[in-house]
Amino acid sequence: MTAVGVIRGTTSDRRVVIPLLRRLRSDEGQADPLPVWDELRALGDVVPAPWGGYFVTGFEACNQVLRGRNWLVPDFAWQERQPDPARWREPARREMTRTLSRLNPPEHTVQRRALGNLFDRGTLEELRPRIAAHVGRLLDRLATRLRDRGEADFVDTVGDRLPIHTVGQWLGIPDEHYPHILDFTHRQVHAQELVPTKSELAISAEATTEMRTFFTSLIAHRRADLGDDVLSDWIRYWDARYPLDRAAADQTLYDLTMFITIASLETTATLLTNAVWFLTQDPARADRLRRHPEEIDDAIDEVLRYDPPIHLNTRFAAADTVLGGVSVAKDTTVHVLYGAANHDPRRNPDPHVFDVHRKGGHLTFGGGLHYCLGSVLARLEARLLLTELLERFPTLRPAGSPTYANRMVFRRITSLKVTT
Ligand code: HEM
């Protein structure tokens, strides 16, 4: 991506963002975060956070953080250096800190190399007919509900289900477990919010226990009956890497399987539901895509740019540095705001115009070493779903606006009523 514009400095008032953060988490902010992102960006590219550290709002500054080698993810070592390390020792938070997204080199490099290109061309071609079959079945369900009730909830009928069917079948998880996996994923995510409350952390801790029990048992059963599937391959690989330490192999296998599963669910569900929301609310837009299915990939990218399923990600400075003219001391955290960056007019002119033909830039899958491992799978699910949905339901449209969970980090659409 090319550099755009001059990065601007910041306000010095740490409290100025508090009302904006409240608004972002409120119903109003969830329904339309764009004005809040604009106000945050107007304060500067690097804006002080109330608890120390900064929010990064501009596209170029976010891009620099995500791709820069001098920015690391907050790992166990960073947590232990904080003045209040106990804050990070909550079980649900520790569980996430062991996963790929919270590892730095060299541990991160070891795991990414072992996984390789998870969804290479061959794997995607194998998965394509299976995902298409899930799409067909879920859309049959949608058709039945629309016929019987005149209206259906797209989230519950299709949006939440396609990602778990896709990843579940890929990992060989029997489908009777899917509702439970979705349920603990929605509850576990609280621990990954910026400032979770005590009660949210308690809900998350309980979900973490269920998650651990489920994936540990899945791995144990597969180990007892290895086959020709991706999880069996991972077991063979990590057992060979730790021949004398079964516990270490099991821990890594758990961290990977659990994280890859849950990282794929709410994110892709938000993309799918947003795609239906943005593309069918304007009949002319839906009609054009139906007549020009070759534009569906561009439409998916515009949905990803316009409303990223993850709003925020955190890094810390590996050494004293300067970002957007602001001195950032070693160990200081910065929170990258993907949505604010994607709507930066210096990168995407008229950013609030939803334009399928824009070919704009976005940071929705992150960047650098931690770039999303499942981006091509998510795009494939969206493409297969939209192609068939536009064909089979030419008059499908929202029956109201979506509703959202009140969160700041992982966006979740809880309901989108549709009709024909
Ligand atoms: C629309 C759907 C998705 C979105 C918006 C999304 C977004 C992201 C983002 C923002 C990151 C962090 C990047 C960074 O820190 O720079 C990430 C990491 C990751 N994603 Fe996704 N993701 C999606 C779907 C998936 C799927 C389907 C999978 C797996 C099947 C997946 C697996 C992962 C993994 C394993 C990582 C950690 C990579 C690492 O830290 O090295 N994601 N994703």
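Read the numbers this way: they start at 1 and go in the same order the structure lists the ligands and their atoms. The residues of the chain are indexed from 1 along the displayed sequence.
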Is there a nitrogen or oxygen of [X] sitting under 3.5 Å from a nitrogen or oxygen of ligand 1?
X	answer
Trp170	no
Thr364	no
Glu381	no
His370	yes

For Glu295, is the CD atom crowded, meaning more than 12 foreign heavy atoms sit under 6.0 Å from it?
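Counting neighbours around CD of Glu295, more than 12 heavy atoms of other residues, nucleotides or ligands fall under 6.0 Å, so yes.
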Which atoms of ligand 1 have any heavy atom of [X] under 4.0 Å away?
X	answer
Ala378	1 (C), 2 (C)
Tyr338	10 (C), 14 (C)
Thr268	2 (C), 24 (C), 27 (C)
Leu66	16 (O)
Phe119	30 (C)
His108	39 (C), 40 (O), 41 (O)
Ile310	7 (C), 8 (C), 9 (C), 10 (C)
Leu271	1 (C)

4.0 Å heavy-atom contact, [X] with ligand 1:
X	value
Gln111	no
Gly367	yes
Arg315	yes

According to the interplanar angle, ranging from 0 to 90°, do the rings of [X] and [Y] count as parallel (below 30°), tilted (30 to 60°) or perpendicular (above 60°)?
X	Y	value
His180	Phe214	perpendicular
Trp37	His311	perpendicular
His165	Tyr178	perpendicular

Report the part of Arg67 (side chain from C-beta onward, or backbone N, CA, C, O) that has a heavy atom under 4.0 Å from ligand 1; answer both or neither where that applies.
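Within the 4.0 Å criterion, Arg67 makes no contact with ligand 1.
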Is Leu100 touching ligand 1 with its side chain, its backbone, both, or neither, if touching means heavy atoms under 4.0 Å apart?
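The answer is both, backbone and side chain.
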Pair [X] + [Y], salt bridge at N-O below 4.0 Å:
X	Y	answer
Asp250	Arg223	yes
Arg81	Asp331	yes
Glu210	Arg187	yes
Arg212	Glu95	yes
Arg379	Asp301	yes
Arg145	Asp156	yes
Arg392	Asp140	yes

Protein heavy atom at shortest distance from [atom]:
atom	result
atom 27 (C) of ligand 1	Ser264 CB, 3.4 Å
atom 12 (C) of ligand 1	Asn313 ND2, 3.5 Å
atom 28 (C) of ligand 1	Gly374 CA, 3.4 Å
atom 36 (C) of ligand 1	Phe259 CE2, 3.8 Å
atom 24 (C) of ligand 1	Thr267 OG1, 3.5 Å
atom 38 (C) of ligand 1	Arg112 NH1, 3.3 Å
atom 6 (C) of ligand 1	Phe365 CD2, 3.6 Å
atom 21 (Fe) of ligand 1	Cys372 SG, 2.3 Å

Verify the ring-centre separation between Tyr306 and His352: is it less than 6.0 angstrom?
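No - the distance between ring centres of His352 and Tyr306 does not fall below the 6.0 Å cut-off.
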Verify the ring-centre separation between Tyr54 and His335: is it less than 6.0 angstrom?
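Not close enough - the centres of the two rings lie 6.0 Å or further apart.
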Counting heavy atoms only, name the option from Pro309, Ser375, Ala263 that's nearest to atom 5 (C) of ligand 1.
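Nearest heavy atom to atom 5 (C) of ligand 1 lies in Pro309.
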As an exercise, state the distance from OG of Ser264 to CZ of Phe119, rounded to the nearest 0.5 Å.
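Ser264 OG to Phe119 CZ: 7.5 Å, rounded to 0.5 Å.
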Quick check: does any side chain N or O of Gln169 sit under 3.5 Å from a backbone N or O of Thr166, one acting as donor and the other as acceptor?
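Not at all, since once roles are kept as given, no pair shorter than 3.5 Å links the two residues.
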